[in-house]
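Data block below; observations after.
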Amino acid sequence: MAPRPIPVESGGIMTLGFEAPALLAVDGKFVAEFDYVPTEDEECEEPSIDRSMSPLDSSRYWQQRYTIFPLYGDGIYMTEDAWYGVTPEPVAIHLVYDLVGFIGVDTRNVIDMFAGVGGNAISLAMATEEDGYTPRFDKVIAIEVDAATLACAQNNAAIYGVADKITWVLGDSFKFIELLTKSPEQLEDRLRVDVATTAIFASPPWGGPGYRTDEIFDLTTMEPYNLAALHDAYKIMDHALYLPRTSDLRQLAKLVPDGAKIEVVQYCVEGASKAMVAYIPAIDKAQAVETSDQPMS
C-alpha cells in the first residue's frame with residue numbers, strides 16, 4: 001500500500017509506507033488522528049450484513065444487533081467484519097469492571113489495541129470511579145489500522161457521548177507499543193503515557209468465525225497475530241486478551257512463571273459463551289510473585 005494523504009483538519013498528514021499503515025506522522029512526529037473523513041470507497045454506511053456469510057449466520061448476527069449495541073437504532077455504524085468481531089455491549093461493560101479489579105488503583109491509562117468499531121473503547125471511556133462521575137481512566141487510547149473502521153468507531157463513540165474522551169490513533173498497534181516502550185520521544189505528547197501506570201486491552205482478530213468449529217482453539221495458529229506475538233509485545237504491562245471461548249488454557253498458563261496466576265473469565269450473553277478474557281500481569285509482577293513464593297534459605 002502506497003502512502004496517501006489523510007484529509008484531517010490539520011492537513012498534510014501522510015501514512016507511512018508500511019504494508020499496513022503504521023502511525024500517522026507530521027514533521028517527523030507520530031501523532032493521533034482525529035475526525036477522519038472517509039472517501040466514497042471507504043465510507044461507513046447504514047449497517048449491512050456480510051453477504052459471504054451463510055443465511056443462518058447473517059440472520060443470527062442481525063437479530064443480535066440491539067444486544068451488540070443497545071443504541072443501534074440511533075445511528076450505529078458497522079463494518080462487515082464488525083458483525084462477528086465487535087464485543088457485545090453487556091460483555092464490554094462487564095469486562096471493563098473486571099479489568100478495573102485486575103489492575104492497580106495507580107493504573108490510570110488504558111490502550112485498546114484493536115479498536116474495531118469502538119465497542120470496548122466506548123465502555124473503557126465510560127468507566128467511572130465509585131462515585132459514578134469521575135472517569136476511571138485519565139486517558140483511553142484506541143488504535144485501529146483501518147481508516148473506515150476507525151471512522152465507524154468515532155461515530156459510535158459520539159452516539160454514546162464519549163468520542164472526545166478517547167484519543168484515536170490510525171495505525172499499527174504493534175508499532176505504537178514499540179515506540180511507546182523504546183522511543184517515546186517519537187510520539188507527540190498526547191500519545192505518551194507512563195507504561196508503569198498503563199494497562200492494555202486487546203481484542204485481536206481471530207481469523208473469522210471459523211474458530212467455532214474447534215473443540216479446543218490452538219492459539220498458536222490464530223491469525224494474523226498468534227498468542228506469542230501478542231504476549232511478547234504486551235508483557236511489560238498488565239494486559240487483558242479477549243480470545244475465543246474454546247482457547248487452550250494450557251497455552252495461556254505457559255505465559256507466566258511458576259507461582260504466578262492468570263485469571264481467565266468466560267463471558268456469556270443470554271446463556272451462551274461469547275469469549276474468554278485472560279487477565280495477565282506484567283512480567284515484573286509475575287516474577288515478583290515467583291520470587292516471593294520461593295523458600296528462604
Side-chain angles (χ1 to χ4, degrees), residues 8-9 32-38 42-48 61-101 103 107-170 173 190-191 193 198-203 240 242 267 269-270 274-275 277:
V8 295
E9 291 181 2
E33 160 75 332
F34 289 91
D35 298 330
Y36 177 74
V37 180
E42 296 174 324
E43 188 169 2
C44 291
E45 298 177 351
E46 289 297 322
S48 61
Y61 287 116
W62 180 255
Q63 290 173 0
Q64 294 176 359
R65 62 194 184 278
Y66 284 100
T67 299
I68 295 172
F69 278 114
L71 298 186
Y72 178 88
D74 291 6
I76 291 292
Y77 283 171
M78 299 281 278
T79 63
E80 291 181 351
D81 288 346
W83 283 107
Y84 55 82
V86 67
T87 304
E89 186 172 314
V91 173
I93 292 171
H94 196 166
L95 68 82
V96 169
Y97 176 84
D98 289 341
L99 176 66
V100 168
I103 61 179
T107 300
R108 303 302 307 174
N109 311 302
V110 63
I111 304 171
D112 183 354
M113 301 293 286
F114 302 93
V117 296
N120 294 302
I122 290 169
S123 289
L124 291 166
M126 294 180 70
T128 64
E129 300 286 7
E130 293 183 359
D131 61 11
Y133 176 78
T134 305
R136 172 59 182 81
F137 295 105
D138 297 337
K139 179 165 289 188
V140 176
I141 297 175
I143 308 172
E144 172 55 46
V145 74
D146 180 70
T149 303
L150 183 64
C152 292
Q154 291 175 311
N155 169 80
N156 298 342
I159 289 173
Y160 280 83
V162 293
D164 60 347
K165 297 181 180 179
I166 301 171
T167 300
W168 304 98
V169 178
L170 174 62
S173 60
R190 59 184 164 170
L191 293 183
V193 290
T198 300
I200 284 175
F201 177 82
S203 177
Y242 187 90
Y267 292 92
V269 174
E270 298 176 354
K274 291 297 183 182
V277 175

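One-based numbering along the sequence shown. Basis for what follows: all heavy atoms, side chains included, without hydrogens, waters or symmetry-related copies.
- Note that CD1 of Ile76 is 10.5 Å distant from CD1 of Ile68, once rounded to the nearest 0.5 Å.
- To the nearest 0.5 Å, the span separating CZ on Arg136 from CG on Leu99 amounts to 8.0 Å.
- Residue Leu150 comes nearest to Glu144 through the heavy atom pair N-CG, 3.8 Å, listed as atom of the first residue, atom of the second, then distance.
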Open item on the list: Checking Tyr160 against Glu89 for the side-chain hydrogen bond (donor to acceptor under 3.5 Å, both in side chains) test, could you report, in this order, the C-alpha distance in whole Å, the side-chain angles of both residues, the deciding distance, and whether it holds?
Closed with: CA-CA 12 Å; Tyr160 280 83; Glu89 186 172 314; 2.4 Å; yes

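- Between Phe137 and Val100, the closest side-chain pair of non-hydrogen atoms falls below 4.5 Å.
- Between Asn156 and Ile122, the closest side-chain pair of non-hydrogen atoms falls below 4.5 Å.
- Residues Ile143 and Ile141 meet the side-chain proximity criterion, which asks for heavy atoms closer than 4.5 Å.
- How far OG1 of Thr79 is from CG of Asp146: 7.5 Å, rounded to the nearest 0.5 Å.
- For the residue pair Thr67 and Pro90, the shortest heavy atom distance occurs at O-CD, 3.2 Å.
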TODO: Would you check, one step at a time, whether the test side-chain contact (heavy atoms from CB on, under 4.5 Å) holds for Val86 with Met78?
DONE: CA-CA 9 Å; Val86 67; Met78 299 281 278; 4.0 Å; yes

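- Between the CE atom of Met113 and the CD1 atom of Ile200 there is a distance of 5.0 Å, given to the nearest 0.5 Å.
- Enclosure of atom OH in Tyr97 is not indicated, since only 12 or fewer non-hydrogen atoms of other residues, nucleotides or ligands lie within 6.0 angstrom.
- The two atoms that bring Cys152 and Val117 nearest to each other are CB-CG1, 3.9 Å, heavy atoms only.
- Arg65 places a side-chain heavy atom less than 4.5 Å from the side chain of Trp83.
- Contact detail for Trp168 and Ala157: the closest heavy-atom pair is CZ2-CB, 3.6 Å.
- Checked by atom type and distance alone, the side chain of Asp74 never pairs as donor or acceptor with a backbone atom of Ile159 at under 3.5 Å.
- Of all the heavy atoms in Ala121 and Ala142, the pair that sits closest is CB-CB, 3.9 Å.
- Summarising the geometry of Pro88 relative to Val269, their closest heavy-atom pair is CB-CG2, 4.3 Å, with the distance given to 0.1 Å.
- Under the 30°/60° scheme for interplanar angles, the aromatic rings of Tyr267 and His94 are found to stand perpendicular.
- Here side chain to side chain donor-acceptor pair (under 3.5 Å) pairs that include residues 110-129, with residues two or more places apart or in two chains, are Thr87-Asn120, Arg108-Glu129.
- Contact check for Val96 versus Phe201: no side-chain heavy atoms found under the 4.5 Å cut-off.
- Rounded to the nearest 0.5 Å, atoms OG1 (Thr167) and CG (Asn109) are 9.5 Å apart.
- Side-chain contact check for Phe114 versus Tyr242: every heavy-atom pair is 4.5 Å or farther apart.
- Note that the OH atom of Tyr77 and the CD atom of Gln154 stand 13.0 Å from one another [nearest 0.5 Å].
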Open item on the list: Between Thr198 and Ile111, is the side-chain contact (heavy atoms from CB on, under 4.5 Å) condition met? List the steps.
Closed with: CA-CA 7 Å; Thr198 300; Ile111 304 171; 3.9 Å; yes

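- Inter-residue side-chain proximity for Lys139 and Leu191 is flagged as unmet; no heavy-atom pair is nearer than 4.5 Å.
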